[in-house]
Protein chains: 2
Amino acid sequence: MEDVRNLFHVLNRRFSLLQKNGFREEGIDISLIHSHILFEIDKHTQPSMQQLADLLGIDITTFSRQIQTLVKANLVKKRAKQEDKRVYVLSLTQKGKQTADQIDTIINTHLERVFLKLNDFEKDTIIHSLKIVTKAMGEVRNGNMIKG
Amino acid sequence: MEDVRNLFHVLNRRFSLLQKNGFREEGIDISLIHSHILFEIDKHTQPSMQQLADLLGIDITTFSRQIQTLVKANLVKKRAKQEDKRVYVLSLTQKGKQTADQIDTIINTHLERVFLKLNDFEKDTIIHSLKIVTKAMGEVRNGNMIKG
DNA sequence: ATGCTTATCTTGCAAGATGCAATTATTAAC
DNA sequence: GTTAATAATTGCATCTTGCAAGATAAGCAT
């Protein structure tokens, strides 16, 4: 069991570096955390602040200010929910969507470069395994998460 | 290919949460970044500042200050290398090693809880897959890394 | 309705993290 | 020996973080 932690750790770090390197190489000036926020907003429909903060494991106050920055940068739109005006619902602006897509392309390009080293069987096995383990990790502790 | 990014992303996040939750539940007061630094120092023999900073993808100036904090907390030891006195070699103090081991136990316990949900075949497949993909990701871009 | 409790989000503040530019100390190159 | 390169640190300005304390809205009891 002892090298499982190491595997996750290294994998984690390498994926982070893959993203950072991607941004740098393509001259995109965005932080990892902002990229993640755009990604999550894009993935879910009408997420609230609290939902996304929980999902990303960020303190709500920090998240609130990150969103303010993204709104100022015209990447994210925030509007009060009709049914419950305490809640703010997030969505991407056109520019935000465009940025999210651009980031997606970059990361996928880099991921493809990784998978080129592997044959189809390995590829399928890996994706299957990632799905299983990700699901299992979500089931152990799922506070108030949106299904991811 | 498009949900591979998502898989990595979610897996990444869930592993981060697993670590944070572990620390919180066990009442360990340590940040993720400090935990990672201890882990890496423990894993490598006589790593230099620059090596670890590169490995973790942290700016060397930030890393230098993180190490100062850890040295003050009596978790890390820093000594000049004999052959090259510009270089500082890092190691764990007794307390640092103890902390690293404690963290390791916590994370492994939580990981075991995840793997309980899976059968032996799935477990083996997943570990095998993680190894392959981690290796592949390391080979695509390996700047000046120590072998991980 | 009125008050009490809970939920969502925002700000004040103080502490910590970040990264560029400049500096120190050491080694390498010529 | 002078100059260049490398490893690490410090100054400084900026950003991030999270607790505590608000502001506002919704739910719920009486």
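Naming: A, B, ... by sequence-line order, numbering from 1 per chain. Computed from a prediction, not measured in an experiment: that's the story for all the values here.
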Nucleotide N/O of nucleotides 23-28 of chain D paired with protein N/O under 3.5 Å:
residue, atom, partner, partner atom, Å
D/dA26, OP1, A/Lys85, N, 3.1

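Remark: A/Ser35 pairs with no residue by the side-chain hydrogen bond (donor to acceptor under 3.5 Å, both in side chains) rule, at least two apart or across chains. Residues meeting the ring-ring contact (aromatic ring centres under 6.0 Å, His included) test with B/Tyr88, sequence neighbours left out: none. For A/Lys97, the side-chain hydrogen bond (donor to acceptor under 3.5 Å, both in side chains) partners are A/Asp42, A/Asp101, not counting sequence neighbours. Looking at residues two or more places apart in sequence or on another chain, you find a ring-ring contact (aromatic ring centres under 6.0 Å, His included) between B/Phe15 and A/Phe8. Residues meeting the side-chain hydrogen bond (donor to acceptor under 3.5 Å, both in side chains) test with A/Asp124, sequence neighbours left out: none.
Taking atom CG of residue A/Asp29 and atom P of nucleotide D/dC15, one finds them 12 Å apart after rounding to whole Å. Rounded to an integer number of Å, the gap from CD1 of A/Ile33 to C1' of C/dT18 is 15 Å. Rounded to an integer number of Å, the gap from CG of A/Leu32 to P of C/dG19 is 11 Å. Taking atom CG on B/Asp59 and atom P on D/dA8, their separation rounds to 13 Å, with Å as the unit. Rounded to whole Å, atom P of C/dT8 lies 13 Å from atom CG of A/Leu52. Whole-Å rounding puts the B/Met49 CE to C/dA25 C1' distance at 14 Å. Between A/Asp54 atom CG and C/dC9 atom C1' there is a gap of 13 Å when expressed in whole angstrom units. As rounded to whole Å, 14 Å separates atom P of C/dT8 from atom CG of A/Leu90.
Sorted by first and then second residue, the pairs that involve residues 84-95 of chain A and meet salt bridge (charged side-chain N to carboxylate O under 4.0 Å, His left out), not counting sequence neighbours, are A/Asp84-A/Arg86. Within the structure, salt bridge (charged side-chain N to carboxylate O under 4.0 Å, His left out) pairs that include any residue of residues 59-75 of chain B do not occur (at least two apart or interchain).
For the pair B/Ser31 and A/Tyr88, nearest-nucleotide mapping onto DNA chain C gives the more 5' position to A/Tyr88.
Within residues 60-73 of chain A, the residues having any heavy atom under 4.0 Å from DNA chain D are, by residue number, A/Thr61, A/Thr62, A/Arg65, A/Gln66.
At a cut-off of 3.5 Å, with distance as the only test, no side-chain donor of A/Asn108 or A/Glu112 sits close to an acceptor on the other residue.
Residues A/Leu38 and A/Ile30 have side chains in contact (heavy-atom distance under 4.5 Å, counting atoms from C-beta outward).
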